[in-house]
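Chain A is the first sequence line, chain B the second, and so forth, proteins listed ahead of strands; every chain is numbered from 1.
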Amino acid sequence: MTHAADPDDPLLADLNRNQAAAVAFGAGPLMVLAGAGSGKTRVVTRRIARLLRDGVRGSQILAMTFTNKAAAEMAHRVQELGGDFVRVATFHSACARFLRSEGHLLGYPADYSIYDVQDRDTLLKELLEDAGFSSAQIKPSQVGQMISRLKNAALRPDEGLLGSGDVPRAVTRLWTPYHERLQKQGAMDFDDLLGNFLRILREFPEVAERYQARFRWVLVDEFQDTNRVQYDLLKLLCPAPGNVCVVGDPDQSIYSFRGAEIRNILDFERDYPTTTTIALEQNYRSTATILRAAEAVIANNRQRKAKHLRTDNPAGEPLLQLRAGDAAEEATSIADRIAGLRDGGVPLDQVAVFYRAHWLSRGLEQALKDAGLPYTIVGGLTFFERREIKDLLAFLRVLVNPLDDLSMGRILNVPPRGLGKVAADKLRTLGFEQGMALREVVAAPELHGSLGPKARKGLQQLADVLARARDAANSSVHAALRVVIEGTDYLKHATSFGDPEDSARAENIAELVSDAVQYDTEHGDGLAGYLQHVALLTSADSQGEGPAVQMMTVHAAKGLEFDHVCLAGLEEGVFPSLRTAEDPNGLEEERRLCYVALTRARRTLMVSSARDRMVAGRYESMRPSRFLKEIPAACLQPFTQTWRRYQSDHETEQVSGWSVTPDPEALAELRAGAKVRHDLYGEGVVRRIAGRGIQARAVVRFSDGVEREFVLEYAGLKLLEDLQW
DNA sequence: CCCGGTAAACTTTTT
DNA sequence: GTTTACCGGG
């Protein structure tokens with residue numbers, strides 16, 4: 001039942017025909033194939049607005065996205081529409097929440113723990129050792145990845161697809177123990193959030209009916225990135241014919257490594273036979289030149305339904321192409337380019353730098369810093385993945401979920417309290433024999449007879465802190481956190497490593513506390529709610545003050561747009577990544593990734609590569625990415641001006657002492673107390689030397705008071721004078 | 001039990 | 001260049 005698009009409807013007024021049709025479409029399944037920049041977000045939010053206006057209650061609408069950022073963005077827009085009760089969430093966070101109410105059906109506590117990849121791997125490591133695999137031979141992370149891939153495809157190990165080898169063998173062997181352990185500890189990994197909720201919907205039809213009745217309207221964004229489990233979930237939440245609207249673009253499918261199946265787009269029309277499909281092919285975002293370049297690249301994919309994006313936008317400027325000598329040059333050139341844009345009046349938050357993988361960001365970051373350009377790095381090492389944060393959260397987790405042995409094991413001797421490996425093993429054995437969780441064993445002094453006096457004292461302190469924190473948790477999250485930090489003297493522990501990170505850790509802890517305070521005032525639903533909230537966060541969305549250049553991986557860039565984009569590291573082996581280059585499917589996904597990167601730009605685009613790049617500690621000669629060759633020459637213009645300027649800089653640098661290969665004898669003289677100069681950090685004093693020969697490293701304290709560690713072979717330290725006595 | 005020093009491996013991409 | 005895991009002495 002398609003509503004005719006009423007041209008006088010204000011919600012449709014500024015939309016093109018197909019956009020309006022998608023917004024106006026009534027009940028029943030709808031698939032929107034939205035090309036890059038075709039106004040997809042607009043259509044989705046407008047459609048929600050129309051539903052609300054036409055009398056659908058917000059609480060009956062469920063909008064699911066793929067990433068936190070997309071969810072936050074959509075939630076923001078929906079809120080502006082007054083859709084306060086619309087549920088906007090990622091698949092994972094939606095399931096996590098549902099499982100708090102329904103998890104008991106599978107024997108899970110409401111306050112179950114959510115294990116991230118790190119937690120998963122530490123658990124697997126234990127199990128590998130128990131099963132007699134040497135963890136040196138088989139990496140827990142490989143086993144974990146394979147388990148994850150199976151679960152995302154809704155498969156079990158006996159359903160084949162494994163092949164032979166050590167890792168598959170370990171997966172088969174550990175599959176059941178792993179899940180039994182999780183269950184016993186009241187914990188789920190990320191994949192279980194989806195899988196367990198799916199199981200509940202399957203095994204308890206009355207529950208499924210309840211959810212179907214509750215969410216009468218379901219929207220899925222970035223549908224091309226859903227995996228099998230997510231799609232199965234969708235079908236159960238909203239069975240055919242169903243008021244389900246999926247939006248996606250097959251050319252932007254970039255998550256197959258996480259189990260995404262483009263196949264879902266094809267299956268959708270089969271599983272929802274009454275589907276109406278609407279294509280959005282008019283691009284409003286980019287200049288014609290940028291769009292032409294992007295289309296030319298994606299056209300090289302074989303497995304693809306031909307699709308042409310149109311635009312009425314002006315041609316704009318050609319893409320700036322840079323081939324730098326090395327990564328440092330590339331980075332400074334990009335910084336120069338951005339400085340030029342800024343001087344031309346461009347707000348820096350309209351400039352983005354993209355790269356294939358996080359490790360490439362370091363050099364770029366340094367160059368921006370040197371150029372005095374403010375920047376924020378999106379994603380990367382998450383706040384909540386830092387050690388000190390994970391430690392403190394582990395304390396909180398055992399308060400909420402006493403069964404969580406993994407978290408308990410983590411904090412047993414943190415900060416050190418005389419409970420080393422020996423004591424830990426004894427406690428675990430006790431727990432096993434008594435059928436008790438570690439947390440209970442710790443709190444039962446009558447069982448500690450076989451332990452030494454030091455260990456017993458430590459245990460008592462720990463049990464005491466946990467008990468007090470447990471009480472404090474009744475009033476607020478931050479109160480509990482305070483008790484933990486003060487009761488264990490954690491701050492002192494975290495800041496006495498004697499490395500340069502000490503002060504950063506102190507700041508992080510302070511930030512965690514204020515985050516908890518904020519959560520208390522905003523939500524106030526207690527510790528369990530806080531932990532769930534925190535477990536699914538990834539990129540610290542804390543935007544710094546003022547406009548800043550946005551740096552991120554191409555994956556993180558999906559769904560965003562910027563006036564000016566720089567895409568760095570376009571080299572064979574980097575982008576496309578070495579891993580995927582052999583596999584044709586992998587290569588096509590890399591190409592889609594490149595397409596995503598190019599189509600983020602509204603006005604200008606700079607594409608760069610380096611001839612030599614330091615990769616894993618060695619200089620490698622790089623060939624330009626094949627994707628560069630796929631861009632029509634007419635779209636490209638060399639980035640000459642800055643390039644030439646930089647070249648002269650670089651030459652003088654070489655003359656003035658770019659001492660990559662240090663004189664071995666001079667190095668031998670380097671000792672604690674020697675005064676040295678570093679190209680970047682200036683003068684400093686050597687605090688200590690570790691190792692010998694090319695492995696030798698020096699810790700240098702610079703005039704800014706910060707200590708930094710260098711591998712001498714690469715650092716290019718120059719000996720100024722030897723202040724020995 | 002803890003700390004320091006040493007060697008090896010490591011780089012996709014996210015929930 | 002960075003991080004982590006292991007080993008040996010205090």
Ser256(A) and Glu261(A): CA distance, side-chain angles, deciding distance, side-chain hydrogen bond (donor to acceptor under 3.5 Å, both in side chains) verdict
CA-CA 6 Å; Ser256(A) 74; Glu261(A) 300 185 16; over 6 Å; no
Could you go through the salt bridge (charged side-chain N to carboxylate O under 4.0 Å, His left out) check for Arg120(A) and Asp189(A) one step at a time?
CA-CA 7 Å; Arg120(A) 177 195 74 187; Asp189(A) 64 23; over 6 Å; no
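Distance, Phe575(A) CZ to dT13(B) P: 12 Å, rounded to whole Å. The CZ-C1' distance, from Arg362(A) to dT12(B), rounds to 15 Å in whole Å. If you take CE of Met552(A) and P of dT14(B), they are 11 Å apart, rounded to a whole angstrom. Here the P atom of nucleotide dC10(B) and the CD atom of Glu620(A) are 15 Å apart, to the nearest Å. With rounding to whole Å, Ile377(A) atom CD1 is found 13 Å from dT14(B) atom P. Residue Leu360(A) contributes atom CG, which lies 14 Å from atom P of dT2(C) at whole-angstrom precision. In this entry the distance linking CZ of Arg592(A) with C1' of dT13(B) reads 13 Å, nearest Å. The separation between Leu233(A) atom CG and dT15(B) atom P is 18 Å, rounded to whole Å.
Within the 4.0 Å cut-off from OP1 or OP2 of dT11(B), not a single side-chain nitrogen or oxygen of Ser577(A) is found. Using a 4.0 Å cut-off, no side-chain N or O of Asn152(A) falls inside it from OP1 or OP2 of dT14(B). A close approach under 4.0 Å does occur between a side-chain nitrogen or oxygen of His358(A) and OP1 or OP2 of dT14(B). Contact between the side-chain N/O atoms of Lys139(A) and the OP1/OP2 oxygens of dC10(B) is found at a separation under 4.0 Å.
Between dT13(B) and dT4(C), the distance separating the two P atoms is 15 Å to the nearest Å.
In this structure, the aromatic ring of Phe257(A) is positioned over the six-membered ring of the base of dT13(B), centres within 5.5 Å and planes within 30°.
With sequence neighbours excluded, the residues that form a side chain to side chain donor-acceptor pair (under 3.5 Å) with Asp116(A) are Lys390(A). The side chain to side chain donor-acceptor pair (under 3.5 Å) check on Thr67(A) picks up nothing, with sequence neighbours excluded.
The side chain of Pro416(A) sits closest to dC2(B) out of dT2(C), dT11(B), dC2(B). Of the listed nucleotides (dT13(B), dT15(B), dC1(B)), dT15(B) has the atom at the smallest distance from the side chain of Thr67(A). Picking from dC2(B), dT2(C), dT13(B) the nucleotide with the shortest atom distance to the side chain of His555(A) gives dT13(B). Closest to the side chain of Lys125(A), from the set dC6(C), dT2(C), dT15(B), is dC6(C). Checking dT14(B), dT12(B), dC2(B) against every side-chain atom of Arg258(A), the shortest atom distance belongs to dT14(B).
No engagement by Asp116(A) is indicated, since no non-hydrogen atom pair under 4.0 Å with the nucleic acid exists. Note on Tyr255(A): only backbone sugar-phosphate atoms sit closer than 4.0 angstrom, heavy atoms only; bases stay farther off.
With Tyr255(A) as the aromatic partner, Arg258(A) meets the cation-pi criteria of under 6.0 angstrom to the ring centre and within 45 degrees of the ring axis.
In this structure, the separation between OH on Tyr231(A) and CG on Leu198(A) is 13.0 Å, given to the nearest 0.5 Å.
Each of Val422(A) and Arg356(A) has a nearest nucleotide on DNA chain B; the 5'-most of these lies closest to Val422(A).
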